[in-house]
Amino acid sequence: MMTLEQQFAKITARRVDLHSADELKNRLAKSIAEKKPLRIKMGADPSAPDLHLGHCVALNKLREFQDCGHTVVFIIGDFTGMIGDPSGKSATRPQLSKEKVLENAKSYQDQMFKILDPARTEVHFNSEWFGAMTFDKVIRLSAHVTVAQLLARDDFSKRYAASQPISLVEFLYPLVQAYDSVMVRADVEIGGTDQLFNLLLGREIQKAHGQEPQIVMTMPLLEGLDGVNKMSKSLGNYIAVNDTPKDVFGKTMSVSDDLMWRYFSLVLCLPDEEIAALKAAVASGARHPRDVKDELGRRVVAKFHGEAAGAEASAEFARVFSQNQLPTDIPEVVVPAEKIGILNLMVKAGLAPSTSEARRLVQAGAVKLDEEKVADVRLELEPKDGVVIRSGKRGFAKIKVG
RNA sequence: GGUGGGGUAGCGAAGUGGCCAACCGCAGCAGACUGUAAAUCUGCCCUCUAUGAGUUCGAUGGUUCGAAUCCAUCCCCCACCA
């Protein structure tokens, strides 16, 4: 078993907030003395079952807790998912059916166990306790929090000041999350920095229920592919855990140079010293930034698909984009053996959503047939097996007459 | 319940009877340059059987030669007051 100092160093790496270091040390000491693992809580929203690298930041942290011998208590917010969380923007999320929530939860777990150790993970659904909760209990729970407290939360106060709507449901959400902590007797709760308020509220509510308050730790929010906003599904700037190796690699390569260090740290958990060494190598010209990013891409792919897949994705990428050759696996599109206009062909091949879009692509000079630029939108052709249509840098389709 | 302000393309935001498929910004797509990085420049950015046609400005109905713009009804959103 690791010593207290070793555990503390590993556990607190890369964190942003920690409330508090002393409490954590005390708890770890007690855990070691009593040989009793700590219970590390994290909650998940099952409305969006696609895990991406942003989620991995916290999952990595949980894994590090597990490596120190602790137990992860994962809470799937199926109850809250069925209500429909309107948080964030004004758009109210759709209410999910019970079946859908369960289906999402299943998929969620499959993905998260690519990082977490199932043997040291407890999974709970919060409908276990909220499903049976009566309204008087809800009211009593709300008595522990004041509106002023809730308004202290950054995004609430901003929205309130800007006369933007805040739904009462949103006010209730932090309470729901806090009560989860009570029910699972969490020792520590992890979340993104945007969760700080909710996590801290968990402490208050635990105290109100006679429990020792959980230790709260927040992790940085990983910026997405646009380099500005946090990685999220709704912004479409994400790399999904379930993306193909090719996509993971390609998307990683499109991350800006400045940002790639964050990925080394938060996705791969590379120690700060190693990152500093890499940075120095790039700064001195000893290594080309492209090669460092290639290494990042390979390792990210390897994390989810194995070393071999990483190497392969890297090689394929070099072939297609550096040497400008055709990819090895081009999706085939079956077309009847009759004359067809280039625009309709592209739509059929999935290279454009409409003929109007196809027309624009041709006019922009983005479309090639067997690597020869198509100049005329009215071009008609007899389909022939094996002809490759190319649209831009990423769109490929091979014709199959049938 | 009352008062006021709103609903325009993915988002933000102009437009208040014809010059509107609708200014502009962001996002996105493509081209050039590259390291599929960043930055920059250029073009595009509702659909179609496409130098033309069709369907759009919360919904429906109306006025008009002509409506995103005017009228009526309805639906939805927000703030403040209660």
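Below, read A as the first sequence line, B as the second, and so on, with proteins coming before strands; counting in each chain starts at 1. All of these numbers come straight from a predicted model, not from anything done at the bench.
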Checking U49(B), C29(B), G31(B) against the side chain of N344(A) (C-beta onward), the nearest is U49(B)
With heavy atoms under 4.0 Å as the rule, sort G392(A) into base, sugar-phosphate or nothing.
sugar-phosphate
With the side chain defined as heavy atoms from C-beta on, A366(A) is closest, among A50(B), C29(B), A30(B), to A30(B)
Report yes if a donor N or O on one partner sits less than 3.5 Å from an acceptor N or O on the other, where the partners are the side chain of T355(A) and the base of A50(B); otherwise report no.
yes
* Asked: Would you call the rings of F130(A) and Y179(A) parallel, tilted or perpendicular if under 30° counts as parallel and over 60° as perpendicular?
  -> tilted
Separation of G35(B) atom P from K293(A) atom NZ, nearest Å, is 12 Å
Atom CZ of R360(A) and atom C1' of A30(B) are separated, to the nearest Å, by 11 Å
Taken to the nearest whole Å, CD/Q363(A) to C1'/A50(B) is 10 Å
Taken to the nearest whole Å, CG/N237(A) to P/A37(B) is 17 Å
- Classify the side chain of D294(A) and the base of G35(B) as holding, or not holding, a donor-acceptor pair under 3.5 Å. no
Rounded to whole Å, the CG-C1' distance (D258(A) to A39(B)) equals 11 Å
Between CZ of R378(A) and C1' of A50(B) the distance, given in whole Å, is 10 Å
In Watson-Crick or G-U wobble terms, with both distances under 3.5 Å, the base opposite U60(B) is A72(B)
L225(A) atom CG is separated from A27(B) atom P, nearest whole Å, by 15 Å
Separation of U49(B) atom C1' from R359(A) atom CZ, nearest Å, is 10 Å
Side chain to side chain donor-acceptor pair (under 3.5 Å) with S181(A): of Q206(A), H209(A), E189(A), Q211(A), only one passes, and it is E189(A)
- Task: Take the angle between the ring planes of H70(A) and F65(A) and call it parallel below 30°, perpendicular above 60°, tilted in between.
- Result: perpendicular
